[in-house]
Visitor: 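Sharing a structure with you now.
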Amino acid sequence: MDIAHRLKPNQLRLLMTIAETGQLLLAANRISVSQPAASRILADVEKLVGGALFTRHPKGMEATPLGAICIRHAKVILEEMDELAADAQRFNEGKIGHVRVGTVTGPAVGTLMPAIQKVKAEAADIEMTIEVGPSTELVRGLIAGRFDFIISRLPAGYDSRDFRLHPARSEEVTFLVRASHPLAAQRAVALTDLLDSEWVVQVLGSPIREAVDSAFLTHDLPAPSRVTNTASLLVALSMVQASDIIAPLSREVAAMLCEGRLNADVVTLDLATPITVPPCFVIQNREQPVTRAAEKVFAAVFEFL
C-alpha cells in the first residue's frame, strides 16, 4: 500500500478539519473547497487506506478507529510540513543557517565580533563558526569551501580575479608588556630602547612579524633576535605576564587585553614611531554561492570596518 507517495497535504488537512468541526460542509468551507469536492477527497482517502474514516451521526461526523489513526499521523505530518515551510522562509530571510568565517586576529576582535553581536541580536538562531589563523591557511580554506568569507590578506601566488576583494582598514601594531615592565611608564619609546629586549612574536612571514622587522631595519637597526615564535595569543600573554618579554600585537587585540574585563595586568608601550601592517580584505570565493545568513553577517562586517 503506497500511501506515503499518494497522500496529499490538502487531503490530510481535510481529515484534520472534519475531526475538528464534525461537519463536512464546515470543513470544506475552511479549506476553501466545495462540499462535493470535499466528499470526493474523503472518498479518495478512504479508498487509499482501505476503510471508512468517519461515521455520520445526526449531530455530525465521528472518526472511526482507522480514521483516528489517520488523523493522528496527519497531525504529525502537517506539523512537520508547516515547520519545514517556516524554516525554509526563515532560512531564505537569513534568520537561520550556519555561517562560517575565517579571519586573522586583529579584525576578529575589532570587526567580526561586533558584527556578529549585531546580527545575533536580530537573528539569534544563526549558528556561527569562526576560525582564526594566518592568511595562507584562510585562503586555502576559502577555496576548499570551508568558509563563506574570510578577513585576511591575499598571499602571493593567488590570482585576485578568482575572488571578490573588499578593502578593509589597516592594522596598527602595538607592543604589549606587563604593567611592571621598565618601559611601561616611559613616553615615546624609541626602537633603540628595545634592542636588548626579548620578544614573543608570530612566525617569520606573518604580517606583524614582517612589520616589526621592517620597522627596525628601516631605522638601520638589527631586527629582534631574542625571539620566541608562536601563533598562540594565550602563550604570548602568559609569557608577557611572567617576564619583561614584549609581544607585538594588533591594537584591537591589545586593547581587549588591556582595557577589557580580562584584568590581564598588561599595558602597551607608547611608541615614538607608529608601526602599521598592510590592510586586510574581506574576501569571497567567486564560485561559491552565499546564503542569506552569510550575507547578513557579511553586510554587518562593513559597518565596523
Side-chain angles (χ1 to χ4, degrees), residues 98-116 128-176 199-218 222-225 227-236 246-254 256 274-291 294-295 297-302 304-305:
H98 187 182
V99 182
R100 303 155 302 167
V101 183
T103 179
V104 293
T105 305
V109 175
T111 300
L112 185 57
M113 289 302 99
I116 289 173
M128 293 295 310
T129 295
I130 303 165
E131 184 174 323
V132 178
S135 294
T136 301
E137 292 182 9
L138 297 177
V139 173
R140 287 175 185 163
L142 181 65
I143 294 172
R146 291 204 339 262
F147 303 117
D148 293 294
F149 66 90
I150 61 174
I151 308 175
S152 76
R153 295 163 186 86
L154 188 65
Y158 289 95
D159 190 340
S160 62
R161 293 172 294 184
D162 294 335
F163 307 94
R164 295 187 183 94
L165 301 175
H166 309 271
R169 62 187 177 194
S170 300
E171 288 183 88
E172 183 178 349
V173 179
T174 188
F175 292 166
L176 190 76
W199 302 75
V200 54
V201 67
Q202 296 175 9
V203 296
L204 285 169
S206 65
I208 288 181
R209 176 70 173 271
E210 290 185 347
V212 172
D213 287 353
S214 178
F216 276 85
L217 296 174
T218 298
S225 58
V227 171
T228 298
N229 302 295
T230 182
S232 170
L233 178 61
L234 184 60
V235 170
I246 299 173
L249 298 172
S250 69
R251 183 163 294 280
E252 289 94 341
V253 175
M256 177 187 70
I275 300 175
T276 58
V277 180
C280 292
F281 295 90
V282 184
I283 307 176
Q284 295 172 297
N285 190 335
R286 286 190 181 276
E287 305 301 323
Q288 182 176 328
V290 181
T291 65
E295 287 178 358
V297 179
F298 182 82
V301 162
F302 287 91
F304 296 93
L305 285 177

Visitor: Is there a side chain to side chain contact (heavy atoms under 4.5 Å, CB included) between Asp148 and Gln284 once you walk through the steps?
Guide: CA-CA 7 Å; Asp148 293 294; Gln284 295 172 297; over 6 Å; no
Visitor: For the residue pair Thr105 and Val253, what are the closest heavy atoms and their distance?
Guide: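 Scanning both residues completely, I find the closest heavy atoms to be CG2-CG2, 3.4 Å.
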Visitor: How long is the straight-line distance from CD1 of Ile143 back to CD1 of Ile150, given to the nearest 0.5 Å?
Guide: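 With rounding to 0.5 Å, CD1 (Ile150) is 8.5 Å from CD1 (Ile143).
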Visitor: Please say which of Leu138, Val277, Val132 ends up in a side chain to side chain contact (heavy atoms under 4.5 Å, CB included) with Val104.
Guide: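 Considering Leu138, Val277, Val132, a side chain to side chain contact (heavy atoms under 4.5 Å, CB included) with Val104 is found only for Leu138.
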Visitor: As a quick check of understanding, evaluate side chain to side chain contact (heavy atoms under 4.5 Å, CB included) for Ile283 and Ile151, giving each step before the final call.
Guide: CA-CA 6 Å; Ile283 307 176; Ile151 308 175; over 6 Å; no
Visitor: Any salt bridge between Arg146 and Glu131, counting N to O under 4.0 Å?
Guide: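 Judged by the 4.0 Å cut-off on N to carboxylate O distance, Arg146 and Glu131 do form a salt bridge.
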Visitor: Should the pair Glu171-Arg153 be classified as a salt bridge under the 4.0 Å nitrogen-to-oxygen rule?
Guide: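 Yes, this pair counts.
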Visitor: Tell me whether the count of non-hydrogen atoms from other residues, nucleotides or ligands lying under 6.0 Å of CZ in Arg286 goes above 12.
Guide: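 Yes, enclosed.
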Visitor: Could you state the interatomic distance from CD1 (Ile208) to CD1 (Ile275), rounded to the nearest 0.5 Å?
Guide: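 If I round to the nearest 0.5 Å, the distance is 10.5 Å.
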Visitor: I want to check something: taking the side chain as every heavy atom from C-beta on, are Phe302 and Thr111 in contact at a cut-off of under 4.5 Å?
Guide: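 Counting from C-beta outward, Phe302 and Thr111 never come under 4.5 Å.
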Visitor: Do Asn229 and Gln202 touch side chain to side chain, with heavy atoms closer than 4.5 Å?
Guide: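 No; the side chains remain at least 4.5 Å from each other.
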Visitor: Which atom pair, heavy atoms only, marks the closest approach of Tyr158 to Thr136?
Guide: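 Nearest pair, atom of Tyr158 first, then Thr136: OH-O, 4.3 Å.
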Visitor: So, for Ser232 and Val235, which heavy atoms are closest and what is the spacing to 0.1 Å?
Guide: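 That would be OG-N, 3.1 Å.
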Visitor: I need the Leu176 CG to Leu233 CG distance, nearest 0.5 Å.
Guide: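 It is 8.5 Å, given to the nearest 0.5 Å.
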Visitor: Taking C-beta and beyond as the side chain, do Phe175 and Val212 meet within less than 4.5 Å on heavy atoms?
Guide: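 Counting from C-beta outward, Phe175 and Val212 do come under 4.5 Å.
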Visitor: Please walk me through it: do Leu154 and Phe163 pass side chain to side chain contact (heavy atoms under 4.5 Å, CB included)?
Guide: CA-CA 10 Å; Leu154 188 65; Phe163 307 94; 3.9 Å; yes
Visitor: Give me the one residue out of Val227, Thr228, Ile246 that meets side chain to side chain contact (heavy atoms under 4.5 Å, CB included) with Val201.
Guide: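 That would be Val227; it is the only one of Val227, Thr228, Ile246 passing the side chain to side chain contact (heavy atoms under 4.5 Å, CB included) with Val201.
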Visitor: What residues, two or more places apart in sequence or in another chain, satisfy side chain to side chain contact (heavy atoms under 4.5 Å, CB included) together with Leu204?
Guide: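 Side chain to side chain contact (heavy atoms under 4.5 Å, CB included) list for Leu204, sorted by chain: Arg209, Asp213.
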Visitor: Does the side chain to side chain contact (heavy atoms under 4.5 Å, CB included) test come out yes or no for Val173 and Leu249, once each step is laid out?
Guide: CA-CA 6 Å; Val173 179; Leu249 298 172; over 6 Å; no
Visitor: Sort and list the pairs that fulfil salt bridge (Lys or Arg N to Asp or Glu O under 4.0 Å) and have at least one residue in residues 103-112, not counting sequence neighbours.
Guide: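 Every pair satisfying salt bridge (Lys or Arg N to Asp or Glu O under 4.0 Å) with a residue in residues 103-112: there are none.
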Visitor: Could you grab the distance from atom CE of Met256 to atom OG of Ser250, nearest 0.5 Å is fine?
Guide: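 Here the interatomic distance stands at 8.5 Å.
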Visitor: Strictly under 6.0 Å, is that where the ring centroids of Phe281 and His166 end up?
Guide: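 No: the rings miss the under 6.0 Å criterion.
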Visitor: Could you tell me if the side chain of Ser152 sits less than 4.5 Å from the side chain of Cys280, heavy atoms only?
Guide: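 No. Closest side-chain heavy atoms not under 4.5 Å.
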Visitor: Could you tell me whether the side chain of Leu305 reaches within less than 4.5 Å of the side chain of Val282, counting heavy atoms only?
Guide: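 Val282 vs Leu305: side chains touch.
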Visitor: Kindly compute the distance separating OG1 (Thr291) from CZ (Arg100), expressed to the nearest 0.5 Å.
Guide: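 Thr291 OG1 to Arg100 CZ: 8.0 Å, rounded to 0.5 Å.
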Visitor: Considering only heavy atoms from C-beta outward, does the side chain of Pro248 approach that of Thr174 to under 4.5 Å?
Guide: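 No. Closest side-chain heavy atoms not under 4.5 Å.
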Visitor: Could you tell me whether the side chain of Phe149 reaches within less than 4.5 Å of the side chain of Val101, counting heavy atoms only?
Guide: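 In short, these two side chains touch, coming nearer than 4.5 Å.
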Visitor: Rounded to the nearest 0.5 Å, how far apart are CE of Met113 and CD of Glu252?
Guide: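 Going from CE on Met113 over to CD on Glu252, the span is 12.5 Å.
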Visitor: Are the side chains of Thr230 and Val200 in touch, meaning some heavy atoms are under 4.5 Å apart?
Guide: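 A side-chain contact exists here, since the closest heavy-atom pair is under 4.5 Å.
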